[in-house]
There are 2 protein chains.
Amino acid sequence: MKLVQIYQCLCDETRLRLLNLLLEGPLCVCHLQAALAEPQVKISKHLGYLKTRGMVRVSRQGNWRVYSLPPEKERSAELTANLACLQDCAAEQAGFKRDLARLRKLDLVCAPVSVVRGKGKACCN
Amino acid sequence: MKLVQIYQCLCDETRLRLLNLLLEGPLCVCHLQAALAEPQVKISKHLGYLKTRGMVRVSRQGNWRVYSLPPEKERSAELTANLACLQDCAAEQAGFKRDLARLRKLDLVCAPVSVVRGKGKACCN
DNA sequence: AATCTACATTCCGATTGCGGAATATAAACA
DNA sequence: TGTTTATATTCCGCAATCGGAATGTAGATT
């Protein structure tokens with residue numbers, strides 16, 4: 001991943017917000033969607049953008065797709081540096097902090113529907 | 001200057017190379033052009049892009065326009081952090097190092113033509 | 001006054017990016 | 001098997017970006 005490609009991943013507001021959340025750890029799409037309060041297509045498309053460029057990984061867990069940043073050991077020096085820089089910058093800005101706050105309010109367990117049934121919601125919907 | 005706007009300035013190869021050179025100090029267009037070995041329009045347009053977004057300043061010195069990064073005291077924390085990050089990353093990559101090497105080979109004095117006349121060139125042309 | 005020099009701007013055409021509405025898909029569940 | 005759930009993909013229109021060729025321009029030089 002070339003340096004300029006890293007910056008291309010970072011040059012959209014929605015993607016910045018997504019990455020800021022993923023810096024906290026792996027997250028399924030519905031949590032990202034809920035935390036950003038943005039429509040599903042938008043989230044999904046930007047995740048696709050990041051994925052095709054190698055900025056995020058996906059794994060399947062039952063009904064959910066869990067996105068994560070590449071494991072630390074596999075990150076290039078430039079990626080590590082820029083992610084750290086992003087995290088520092090975002091930590092001081094209201095919008096990013098609000099996203100994190102919303103994220104923490106969510107029930108982070110993506111449980112099978114059968115488990116959640118009766119509580120009126122599955123996962124974070 | 002919002003964080004995402006910083007990244008928008010950084011998301012093009014030519015602009016990265018320009019900024020990497022400007023991190024060394026103020027430079028006139030002809031030096032940037034010679035160091036990058038790219039056509040004049042290309043250089044000029046990307047400098048325009050950076051200027052309208054407040055990423056660089058211009059001053060006139062006789063026949064030349066001298067571009068520079070905003071003075072350190074006026075840089076936001078995010079800008080400072082990201083420029084440092086860029087400089088670190090670029091310092092380890094062949095392409096950027098080549099630009100710097102070419103820059104250092106240039107006669108960095110933009111002197112009036114009259115002074116240079118007889119040596120067969122004005123400024124870096 | 002005419003010319004030159006260093007640079008910017010305009011005018012293309014092609015590509016890419018973005019957002020939303022609608023639709024598709026694949027796994028889980030009943 | 002049919003339905004629901006979570007997510008991706010396609011289709012569409014629009015705006016932004018990029019590169020190059022040609023042209024414009026302001027100040028310096030002759």
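Reminder, nothing fancy here: chain letters follow the sequence lines and each chain counts from 1.
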Residues which pass salt bridge (Lys or Arg N to Asp or Glu O under 4.0 Å) with A:Lys45, listed by chain and number, not counting sequence neighbours: none
Spacing between A:Tyr67 atom OH and D:dA6 atom C1', to the nearest angstrom: 11 Å
All salt bridge (Lys or Arg N to Asp or Glu O under 4.0 Å) counterparts of A:Lys2, not counting sequence neighbours: B:Glu13
B:Arg60: salt bridge (Lys or Arg N to Asp or Glu O under 4.0 Å) partners, not counting sequence neighbours: none
For A:Arg102, all residues meeting salt bridge (Lys or Arg N to Asp or Glu O under 4.0 Å), sequence neighbours excluded: A:Asp99
By side chain to side chain donor-acceptor pair (under 3.5 Å) - contacts of B:Arg98 (at least two apart): none
Of A:Gln40, A:Lys42, A:Glu38, the residue whose pairing with A:Gln33 passes side-chain contact (heavy atoms from CB on, under 4.5 Å): A:Gln40
d(CZ, A:Arg65; C1', D:dT9) in whole Å: 12 Å
Those residues that, when tested against A:Arg65, pass side chain to side chain donor-acceptor pair (under 3.5 Å) (two or more places apart): none
Five-pair end axes of the helix from C:dA1-D:dT30 to C:dA30-D:dT1, angle between them (10°): 0°
Protein proximity profile, nucleotides 9-19 of chain C - base contact B, sugar-phosphate-only contact S, no contact -, cut-off 4.0 Å on heavy atoms: BBB-----SSB
Length of the line joining A:Trp64:CH2 and D:dT5:C1', which is rounded to integer Å: 8 Å
Spacing of B:Asn63 atom CG relative to D:dA26 atom P, expressed in whole Å: 13 Å
Atom-to-atom span, NZ of A:Lys51 to P of D:dA8 - whole angstrom: 8 Å
Shortest non-hydrogen contact from B:Leu79 toward B:Pro70: CD2-CG, 4.0 Å
Rounded distance (Å) that lies between atom C1' of C:dC7 and atom CD of B:Glu38: 17 Å
Partners meeting side chain to side chain donor-acceptor pair (under 3.5 Å) with B:Glu72 (sequence neighbours left out): none
For atom CD of B:Gln61 and atom C1' of C:dT5, their distance in whole Å: 16 Å
B:Leu50 CG to D:dT17 P, straight-line distance once rounded to whole Å: 12 Å
